[in-house]
Amino acid sequence: MSQFLSEQELIRREKLQGLRDLGINPYPADLYPLNSNSSDIKQNYEEGKKVIIAGRLMSARIQGKASFAEIQDSEGRIQVYFNRDEICPDEDKTMYNEVFKKLIDLGDFLGIEGELFTTQVGEKTVLVKKFVLLSKALKPLPLPKTDKDGKVHDQFNDPEMRYRQRYADLVVNPHVKEVFIKRSKLFTAMRNFFMDKGYMEVETPILQAIPGGAAARPFISHHNALDIPLYLRIANELYLKRLIVGGFDGVFEFSKNFRNEGMDRTHNPEFTAMEIYVAYKDYNWMMEFTENLLEHCAKEVNGTTKAKFNEYEVDFKAPYARVSMTDAIKQYANYDISGKTEEELREAALGMGIEVDKTMGKGKLIDEIFGAKCEGNFIQPTFITDYPKEMSPLCKEHRHNPELTERFELMVCGKEIANAYSELNDPIDQRERFEEQIRLAEKGDDEATGLIDQDFLRALEYGMPPTSGLGIGMDRLIMFLTNNPAIQEVLFFPQMRPEKIKKLNPSVESLNEEEKLVYQLLETQGAMPLNDLKEQVALSNKKWDLAVKTLTKLNLAKVTKTDESLLIEII
RNA sequence: GAUUCAGUAGCUCAGCUGGUAGAGCAUUACACUUUUAAUGUAGGGGUCCUGGGUUCGAGCCCCAGCUGAAUCACCA
């Protein structure tokens, strides 16, 4: 393998040995007693203060007997000043001349003891008295540079490389790190908001025998001891409701869900939802709760309720507009769905140029009309309320209209980020709704749920208090709060196709047919003119070229140039 | 799933009817004690995504594939 390291990687390995030869362990075990960091130094600056810091060396400007460098730690960067005679007050100048100038590379972790001072240019700097190598980097990092106008050069910006090597992305792209800091703040803000209200954070199974609570295709796994299939959860709703049955008044969970469906810039196979259920509440209460929650979260994350997303400026300040689905369709499709039959709705949809098929029932048709004509219009946070019953099998029937349910979705920039119900707690009605889903599934609607969770129904039969539940797509919400149109940008490790890592083994056995042929001919006949060999092997030009290149690359053969011709021979 | 674009040095990117592969940063050597995209001089570094084809000759043209991105469709 070593022959396939780049020149720079080879040099770093040689330096590693060089350090060991000097008695320096490039990967020491001892803890490093740091007592400060880059932002602490800048904020609590005192001339002459002694500090101990640690971090990665990210730039170095060597000027003979003195050098300026930058150390990057978790807080940012701080300039450090290496002076030969400060580091090496005695005769022996090895630590500066050899170790620092020659054997330390950009990317290495250093521990630094020094004193604070300000340079003539006004930069707060650590004057290095003593430094140690804490860890050597064998691979060069990408190295974006910012010029004096703040313009970034050589930015590490290829999405594929950034997602596959997020560690490198985080090291060199501070704005990427910022997104994930905000993500963490969002979770903290939301958790604290719930805790303050006395609700309890819980955990429910990820491996489920019946994947319920949403309409989605699950991942299937298998339990060996029980010899049964287990599914990765697509939602945690049914489990949280069991806990409300059990007597908790408010439970919530940040839930990793898994859906075996398409991947694109807004869908990852695993994603995070937050679901909360609160007893004795309804969806009207939940709307107010939701807008207060999001206002709080936006402030905690960004310091303001306003957030830029693409060309829009969104304001999460409560209260939000509330529009019923019927009114939304009236407004944007100029059509009144109230009291219409399935046939009338299908014709209306067709008239609007919407594709429909026979498996679609009333609810689905209304949803299609809404999706095509209305959804994209709601830029500022807007509650869309009162969805058709057919598409909401876990939601309580509307108190004033049996065709509708007490459900709302929160739309932002034309996308759904939250979904909430007055939860259905009538066990008989619930059983009928599940059975209706089975019929839809048999009819060919692959979104309908095909299995009934009998245990969930048993729980409801014991009685569940009136309850309102809310689900929020956490990934989507943080996308809005950080102005990222791709979900991959807000996940540390988005799912990618597995990377093919080529392994070339520099041995004769690993050669392919063509390379072996060339090698064997050379072996039996010895050195010969390149062209003669080419004629003998009679390969296509491409194959010939590649075979010879591989052999020379592996140092198995050598081409030498004479006045007359090119000679090839085995090494 | 469809269409479009992209893949060249560690990183960012050039490249020409099809004729020995280039730059900046990084790297190596030398010089340089308050610099800041440090500077100067000299060097080294390439499976031009993979595989076929056309051609005297392909990084470039053709075909197939891989990977990613964007748009659309599908999906919540």
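Just so it is clear, the values below take in all heavy atoms, side chains as well, and ignore hydrogens, waters and symmetry mates. Lettering follows sequence order; numbering is per chain, from 1.
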Do any N or O atoms of the protein come closer than 3.5 Å to N or O atoms of nucleotides 3-8 of chain B, and which pairs are they?
none

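- Not a single donor-acceptor pair, N or O on each side, falls under 3.5 Å between the base of B/rU34 and the side chain of A/Gln63.
- Residue contacts for A/Glu375: at a heavy-atom cut-off of 4.0 Å it reaches a base atom on one of the strands shown.
- If you check every strand for non-hydrogen atoms under 4.0 Å, A/Arg84 touches nothing.
- When each of B/rU33, B/rU27, B/rU34 is scored by its nearest atom to the side-chain atoms of A/Ile11, the top-ranked nucleotide is B/rU27.
- Of the candidate nucleotides B/rU35, B/rU34, B/rU71, B/rU34 has the atom nearest to the side chain of A/Phe117.
- B/rU33 atom C1' lies 7 Å from atom NZ of A/Lys65, rounded to whole Å.
- Put simply, CG on A/Asp147 is 6 Å from C1' on B/rA37, counting in whole angstrom units.
- Between A/Lys102 and the phosphate of B/rC30, there is a side-chain N or O to OP1/OP2 separation shorter than 4.0 Å.
- With B/rU33, B/rU35, B/rG68 as the choices, the nucleotide that has an atom nearest any side-chain atom of A/Arg164 turns out to be B/rG68.
- Look at A/Glu253 and A/Arg233 and you find a salt bridge, because one of the NZ, NE, NH1 or NH2 atoms lies within 4.0 Å of a carboxylate O, short of that distance.
- Computed from coordinates, the A/Gln488 CD to B/rU67 C1' distance equals 14 Å when rounded to whole Å.
- If you take atom C1' in B/rC5 and the same atom in B/rA9, they sit 24 Å apart, rounded to whole Å.
- In this entry B/rC30 has B/rG40 as its Watson-Crick or G-U wobble partner, both defining distances falling under 3.5 Å.
- Comparing the same atom, C1', in B/rC32 and in B/rA38 gives a spacing of 11 Å after rounding to whole Å.
- Once rounded to the nearest 0.5 Å, the distance linking CG of A/Asn268 with CD of A/Gln488 reads 6.5 Å.
- A donor-acceptor contact under 3.5 angstrom links the side-chain atoms of A/Tyr81 to the base of B/rU33.
- Distances from the side chain of A/Thr119 to the nucleotides B/rA26, B/rU33, B/rU34 place B/rU34 closest.
- Taking atom P on both nucleotides, B/rA2 is separated from B/rA73 by 16 Å, rounded to a whole Å.
- Using a 4.0 Å heavy-atom distance criterion, A/Lys415 is classed as making no nucleic acid contact.
- Ring geometry for A/Phe68 versus A/Tyr81: interplanar angle of 30 to 60°, hence tilted.
- In this structure, A/Glu14 places its CD atom 14 Å from C1' of B/rA29, rounding to the nearest Å.
- Of the charged side-chain nitrogens involved, none lies within less than 4.0 Å of a carboxylate oxygen, so that A/Glu489 and A/Arg265 do not count as a salt-bridged pair.
- Salt bridge A/Lys145/A/Asp154: absent, no basic N to carboxylate O contact under 4.0 Å.
- Comparing the C1' positions of B/rG57 and B/rU20 gives an interatomic distance of 12 Å, to the nearest angstrom.
- Remark: A/Arg61 CZ is packed, more than 12 non-hydrogen atoms of other residues, nucleotides or ligands lying under 6.0 Å away.
- As rounded to the nearest Å, B/rU3 and B/rG65 have P atoms that lie 11 Å from one another.
- A donor and an acceptor atom sit less than 3.5 Å apart, one in the side chain of A/Gln8 and one in the base of B/rG10.
- Partner assigned to B/rC13 is B/rG22, using Watson-Crick or G-U wobble distances below 3.5 angstrom.
- Heavy atoms of A/Glu70 sit nowhere under 4.0 angstrom from any nucleic acid atom.
- Between the P atom of B/rG10 and the CG atom of A/Asp169 lies a distance of 19 Å, rounded to the nearest Å.
- Residue A/Arg12 is out of contact with every strand shown, counting any heavy-atom pair closer than 4.0 Å.
- Residue A/Lys415 qualifies as open at atom NZ: its count of foreign heavy atoms under 6.0 Å is 12 or below.
- For the pair A/Thr118 and A/Arg476, nearest-nucleotide mapping onto RNA chain B gives the more 5' position to A/Thr118.
- Among the heavy atoms of the strands lying under 4.0 Å from A/Arg61 is at least one base atom, whether or not backbone atoms are also near.
- A distance of about 14 Å separates the P atoms of B/rU8 and B/rG15, rounded to the whole Å.
- In this view, A/Glu409 and A/Tyr387, A/Arg407 satisfy the side chain to side chain donor-acceptor pair (under 3.5 Å) rule, not counting sequence neighbours.
- Salt-bridge formation is detected for the pair A/Arg166/A/Asp169: a Lys NZ or Arg NE/NH1/NH2 atom is positioned less than 4.0 Å from an Asp or Glu carboxylate oxygen.
- In this structure, the nucleotide among B/rU35, B/rU67, B/rG10 sitting nearest to the side chain of A/Glu160 is B/rU67.
- Side-chain N/O atoms of A/Lys145 include none lying less than 4.0 angstrom from OP1 or OP2 on B/rA37.
- Remark: the separation of the P atoms in B/rG43 and B/rU36 is 27 Å, to the nearest Å.
- Between the NZ atom in A/Lys136 and the CG atom in A/Asp105 there is a gap of 3.5 Å [rounded to 0.5 Å].
- Considering only the side chain of A/Glu261, B/rC75 comes nearest among B/rC75, B/rU33, B/rA73.
- Annotation: of the two residues near RNA chain B, A/Glu368 and A/Gly122, the 5′-most nearest-nucleotide partner is A/Gly122.
- Across all strands shown, B/rU3 forms a Watson-Crick or G-U wobble pair with B/rA70, both key distances being under 3.5 Å.
- Here A/Asn419 lies out of heavy-atom contact (under 4.0 Å) with every strand.
- Salt bridge absent: A/Lys362 and A/Glu390 never bring a charged side-chain N and a carboxylate O closer than 4.0 Å.
- Ring geometry, A/Phe219 versus A/Phe258: the interplanar angle exceeds 60°, so the pair is classed perpendicular (tilted spans 30 to 60°).
- Looking at the side chain of A/Arg265, the nearest of the listed nucleotides B/rU35, B/rA70, B/rG10 is B/rA70.
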Yes or no on side chain to side chain donor-acceptor pair (under 3.5 Å) for A/Tyr283 and A/Thr385, after CA distance, side-chain angles and deciding distance? CA-CA 9 Å; A/Tyr283 81 137; A/Thr385 65; 5.2 Å; no

Can you check nucleotides 11-15 of chain B for protein contacts, nitrogen or oxygen pairs under 3.5 Å, and list what you find?
{"unit_1": "B/rC11", "atom_1": "O2'", "unit_2": "A/Asp154", "atom_2": "O", "d": "3.3"}

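- Nucleotides B/rG59 and B/rC48 place their C1' atoms 4 Å apart, quoted to the nearest Å.
- Distance A/Phe82 CZ to B/rU36 P: 18 Å, rounded to the nearest Å.
- If you take CD1 of A/Ile354 and P of B/rA73, they are 12 Å apart, rounded to a whole angstrom.
- The distance between atom CZ of A/Arg13 and atom C1' of B/rU28, rounded to the nearest whole Å, is 18 Å.
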